[in-house]
Protein chains: 2
Amino acid sequence: MKDLNIKDIAKIAGVGISTVSRVINNHPDVKDKTRERIRKIIEEYNYIPNNSARNLKRTDSKNIGVLVKGIFNPFFAKIIQSIEEKISEEGYSTILHYNDYNSNDIEVAIELVKEKKLRGIICLGGNFTNIDESQLIDLETPIVLSSADIIQDLNKEIFSSIVIENEKAASEAVDYLCKLGHEKIGIIVTGQEDKCIGKLRFQGYKKALEKNGIEYKEEFLEIGKYTFKSSFDAMNKLLDKELNLTAVFVTSDIMAIGAAKAILKRGLKIPDEISIVGFDGIEYAEYFHPSITTIKQPDEDFGKRSVEILFDLIKRKKEHQHIILETQLLKRESCKKLTSK
Amino acid sequence: MKDLNIKDIAKIAGVGISTVSRVINNHPDVKDKTRERIRKIIEEYNYIPNNSARNLKRTDSKNIGVLVKGIFNPFFAKIIQSIEEKISEEGYSTILHYNDYNSNDIEVAIELVKEKKLRGIICLGGNFTNIDESQLIDLETPIVLSSADIIQDLNKEIFSSIVIENEKAASEAVDYLCKLGHEKIGIIVTGQEDKCIGKLRFQGYKKALEKNGIEYKEEFLEIGKYTFKSSFDAMNKLLDKELNLTAVFVTSDIMAIGAAKAILKRGLKIPDEISIVGFDGIEYAEYFHPSITTIKQPDEDFGKRSVEILFDLIKRKKEHQHIILETQLLKRESCKKLTSK
DNA sequence: AACGTTACTGGAAACGTTTCCAATTTGTAT
DNA sequence: ATACAAATTGGAAACGTTTCCAGTAACGTT
């Protein structure tokens with residue numbers, strides 16, 4: 001059974017094609033009675049307009065792309081959910097695309113925009129530190145970089161961004177450990193993949209140490225990837241060095257859990273022997289035992305605001321914006337005040 | 001700057017439109033020299049064919065839909081990854097669509113197929129227990145139900161499926177607990193949302209008890225949703241009943257972690273005082289402390305085989321298939337052998 | 001040189017919409 | 001009744017492809 005098209009519906013209703021089109025798109029210039037009649041017929045015959053044809057004809061495709069770095073990242077799951085919600089509220093639809101860790105994000109984004117005739121694109125995570133300004137200028141479609149790695153001196157007029165203050169937040173986390181009396185504080189950061197964000201959080205760590213008069217030692221640092229396993233291994237290396245660490249700061253919750261497991265598996269107690277602080281604020285960290293103290297990122301705000309900014313751009317209501325969201329230190333069970341020996 | 005189209009490329013190359021089209025689509029009837037020349041021009045001018053136009057013209061759209069129930073389910077993440085990989089290997093592209101828990105899955109699937117002119121669709125999870133056979137017959141597009149809830153007496157000729165033996169696997173898990181000497185074994189199952197699968201796993205639980213001569217008591221049962229929190233609460237209710245449970249079987253790993261947290265938070269020891277077994281085999285269960293014994297589902301196989309079945313159907317090589325995958329009990333730290341008192 | 005065969009190539013219709021523009025109907029004020 | 005404006009409607013072009021069909025070029029065979 002061949003699917004019906006707009007012509008068939010027009011014939012059945014005894015009206016012109018354009019009238020049916022106007023009904024479908026909620027254009028005003030149709031008599032209420034006619035509109036109702038056509039609506040009923042569309043309903044009755046279960047007619048669904050062909051998306052490809054619509055997109056082909058329209059310059060404004062009603063599609064928003066969401067490019068996500070890494071499907072395994074539970075921190076992004078909530079953000080995506082709120083993004084999708086808001087996008088469909090606006091009558092647009094979401095085209096979700098997952099990038100793996102080796103991809104050239106800006107290139108994939110541009111290709112996606114062209115190929116799918118996107119009206120706008122949100123990049124969640126991803127690395128935009130090596131991009132060429134001309135790439136972004138050529139892309140006339142609004143782009144919002146959300147929680148992404150962005151090079152500092154990029155022309156701010158050609159993209160929007162929404163981020164947290166990674167350095168400040170990390171510093172707050174480590175400062176908290178210092179205030180609890182910790183001095184030997186290890187750190188596990190994400191490496192290459194995540195250059196900029198990892199680096200910023202690492203800088204926050206260093207600043208907090210400095211502020212508290214603690215000397216930074218390179219041996220306290222381990223590099224890991226964004227997986228349980230990688231951080232588990234990194235923690236073991238740290239422990240093997242016998243540095244008498246009393247605390248460790250890990251730059252994501254998933255990794256904090258991997259690290260915590262390594263600690264516990266050796267029979268060490270958290271927080272009695274080692275305190276640990278994570279970063280992100282995913283639910284996993286709360287349900288780990290002991291629950292993990294962490295920096296909570298405002299995930300829902302990330303989603304909502306990203307879409308808001310994008311639609312402001314699409315509707316040409318505003319210029320590109322650069323928003324900084326607040327984080328919050330969630331104190332839980334994984335940190336202990338050090339009593340002076 | 002307006003994007004180039006196939007006409008522009010044809011003009012630049014000094015050939016006909018159809019020749020360019022043939023190059024794009026790797027059709028054979030083009031002289032190698034011409035092909036190379038056009039390829040270079042396409043590359044140089046960074047031309048990307050318009051997807052909407054292609055889909056509009058083609059009856060075979062090269063799009064495969066993947067409908068996923070619940071974005072938060074980490075068990076699905078791996079499956080999706082392997083699905084995407086295989087689909088793009090075949091030169092098709094994946095349209096990912098997330099359903100929330102209240103959706104009517106078959107209706108959403110059908111709409112998606114029509115709207116996006118999909119060539120096939122894979123449903124990951126989702127509930128197909130209340131569907132009408134006519135809906136599936138009307139849908140002429142191949143459909144594969146993967147790890148989904150399917151009504152038993154559905155006509156097997158009109159859809160493909162790939163599942164595990166939920167009842168058997170659950171029974172194996174509980175039997176393991178029994179063999180360790182446990183008799184008072186609680187159970188937390190998913191409720192309404194997940195009617196069929198939850199019921200099957202529950203039946204497995206009952207069968208294992210029966211086999212081991214243990215009487216089933218309703219008070220050992222709690223219903224939960226697929227979240228940490230819900231299962232955390234359910235476990236607390238179970239504990240509040242003071243049934244002297246020595247073990248608990250939880251029908252998913254996420255929920256097992258929620259339950260384990262409830263146990264540990266009360267100061268009870270796992271596995272010393274209570275043993276726990278989960279279901280799914282997600283990575284997080286391995287990194288929880290103590291690591292959680294669980295039923296491992298073959299996630300990668302789920303993905304790969306789903307795509308294989310789908311392409312067999314698309315290419316009309318085979319009829320609808322119904323595949324059962326094997327599970328495996330992963331013995332870890334969360335279970336203890338009961339020494340007779 | 002004439003022919004048949006095969007390898008390429010180009011033109012044009014078609015896919016199902018949206019939208020501009022013109023045409024028709026309706027309503028309102030004189 | 002008439003004139004004019006406003007509301008509603010229909011026709012046709014256009015969006016960028018693919019593919020059928022017809023046509024040309026190249027080549028070997030007689």
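A, B, ... follow the sequence lines: proteins, then strands. Residue 1 opens every chain. All values derive from a computational prediction rather than experimental measurement.
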Short side-chain N/O contact to D:dT9 OP1/OP2 from A:Thr19, under 4.0 Å: no
Any side-chain heavy-atom pair of B:Glu157 and B:Glu319 under 4.5 Å: no
Are B:Tyr47 and D:dT17 close enough that a side-chain N or O sits under 4.0 Å from OP1 or OP2? yes
Whole-Å distance, B:Arg54 CZ to C:dT17 C1', equals 20 Å
Touch check for B:Asp29, heavy atoms < 4.0 angstrom, all strands: base, sugar-phosphate only, or nothing? base
Could you tell me how far apart A:Ile38 (CD1) and D:dT8 (P) are, to the nearest whole angstrom? 13 Å
Could you tell me how far apart A:Lys7 (NZ) and C:dC15 (P) are, to the nearest whole angstrom? 7 Å
For the side chain of A:Ile6, starting at C-beta, report the closest nucleotide among C:dT17, C:dT9, D:dG16. C:dT17
At 4.0 Å (heavy atoms only), tell me whether B:Ser52 reaches a base, stays on the sugar-phosphate, or touches nothing. nothing
Check this one for me: any side-chain N or O of B:Asn25 less than 4.0 Å away from OP1 or OP2 of D:dT18? yes
The answer to which of A:Ser18 and B:Asp32 contacts DNA chain C further toward the 5' end, by nearest nucleotide, is B:Asp32
By nearest atom, which of the nucleotides C:dT9, C:dG16, C:dT18 is closest to the A:Ser21 side chain? C:dT18
Assess the pair B:Phe159 and B:Phe128: is the distance between their ring centroids shorter than 6.0 Å? no
Whether A:Asn50 contacts C:dG16 is assessed here as follows: a side-chain N or O lying under 4.0 Å from the phosphate OP1 or OP2. Is that the case? no
Can you tell me if CZ on B:Arg305 sees more than 12 non-hydrogen neighbours from other groups inside 6.0 Å? no
Looking just at side-chain N and O atoms, do B:Tyr226 and B:Asn73 make a donor-acceptor pair shorter than 3.5 Å? yes
Can you check the A:Lys57 NZ to C:dT17 P distance for me, whole Å? 13 Å
Send over the distance from B:Ile17 CD1 to C:dA13 C1', rounded to a whole Å. 12 Å
Between B:His27 and D:dT19, does any side-chain N or O lie under 4.0 Å from OP1 or OP2? yes
Let me spell it out: for each of A:Arg22 and A:Lys31, pick the nucleotide of DNA chain C with the closest heavy atom. Which residue's pick is nearer the 5' end? A:Arg22
Taking it one step at a time, do A:Leu325 and A:Val163 satisfy side chain to side chain contact (heavy atoms under 4.5 Å, CB included)? CA-CA 6 Å; A:Leu325 257 26; A:Val163 296; over 6 Å; no
